[in-house]
Amino acid sequence: VMDRDLGIDRELLVQRPFSLAYWGAKVAAAALTSLLSVSVNLLVLLAFGAPVQLLLRAVVMVPLMILSGVVLGFFCGVAAWKNNNPYFYLNLIGALTTIVSGALVVITKYPVWLRLFSRLFPFSQTIGFVITGQSPWYLDLGIDGLWGIAAGLIYLFQLRATLKNSVHVW
């Protein structure tokens, strides 16, 4: 959001829209803060006596959870690029993901329509695996891929629209 407020995003689109340094730094920052957050939460759960098997499954799933978070974050960021509220899609998809991931209620307890709908979002199989040890977590990789493709297409659309403008930056 700060990059957007300062006009760095527009400058990036014009000068280096596929900058590995820029996007790599953004992904690294998101991944590291996510890793720290997950680590603290797992330590708290351990302190409160959570089952060790559940914690071990959670540790194994951390890379996939971080990947899913980065993909959804990128999607929400580029989708809201020209929106007055830069957090619109993040708030919407974040709240929806909490519900459809099975973090609040195990997905098997959902009605059929909601179970099917939850499969369109990352985390549903990952959370299921952490809780039960039996969910096909690898399906979330495909869902991440689809969300990533959608985010990439939105980014390209935003890039094209920005570059068509006669006044690019300031």
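Closest approach of Tyr110 and Val105 over heavy atoms only: OH-O, 3.3 Å. For Gly102 against Ile131, the heavy-atom pair with the smallest separation is O-CD1, 4.0 Å. The heavy-atom pair separating Pro122 from Thr97 by the smallest distance is O-CG2, 4.2 Å. Taking every heavy atom of both residues into account, Ser124 and Val100 meet most closely at CB-O, 3.7 Å. When all heavy atoms are compared, the tightest approach of Arg57 to Phe129 is NE-O, 3.2 Å.
The side-chain hydrogen bond (donor to acceptor under 3.5 Å, both in side chains) pairs that include a residue from residues 65-78 are Ser68-Asp144, where partners are two or more places apart or lie in different chains.
Aromatic rings of Tyr155 and Trp23 (six-membered ring for Trp) have centroids within the 6.0 Å cut-off, being under it. Taking the ring centroids of Tyr22 and Phe18, they lie at or beyond the 6.0 Å cut-off.
Linking ILVMFWY residues whenever their side-chain heavy atoms come closer than 4.5 Å, directly or via other members, places Val130 and Leu45 in the same cluster. Both Val60 and Leu46 are assigned to one and the same hydrophobic cluster, defined by single-linkage of ILVMFWY side chains at heavy-atom distances under 4.5 Å.
Interatomic distance, CG of Leu96 versus CG of Leu120, reported as 10.0 Å (0.5 Å rounding). Atoms CD and OG, from Gln125 and Ser101 in turn, are 11.0 Å apart once rounded to the nearest 0.5 Å. Rounding to the nearest 0.5 Å places OH of Tyr89 at 8.0 Å from CD1 of Ile154. Residue Asp140 holds its CG atom at 11.0 Å from CG of Leu146, rounded to the nearest 0.5 Å. Here CZ of Arg119 is found 7.5 Å from CG of Leu139. Values are rounded to the nearest 0.5 Å.
The shortest distance between side-chain heavy atoms of Arg115 and Val112 falls below 4.5 Å. Side chains of Tyr138 and Thr126 form no contact here, defined as non-hydrogen atoms less than 4.5 Å apart. Residues Thr108 and Thr132 have side chains not in contact (no heavy-atom distance under 4.5 Å, counting atoms from C-beta outward). In this structure, the side chains of Val62 and Ile66 come closer than 4.5 Å at one or more pairs of heavy atoms. At a threshold of 4.5 Å between non-hydrogen side-chain atoms, the residues Leu72 and Phe123 count as touching.
Gln158 places a side-chain N or O within donor-acceptor distance of the main-chain N or O of Val78, the cut-off being under 3.5 Å.
Within 6.0 Å of CG in Leu116 there are more than 12 heavy atoms belonging to other residues, nucleotides or ligands.
Hydrophobic clustering, defined by side-chain heavy atoms of Ile, Leu, Val, Met, Phe, Trp and Tyr closer than 4.5 Å, leaves Leu32 isolated from every other such residue.
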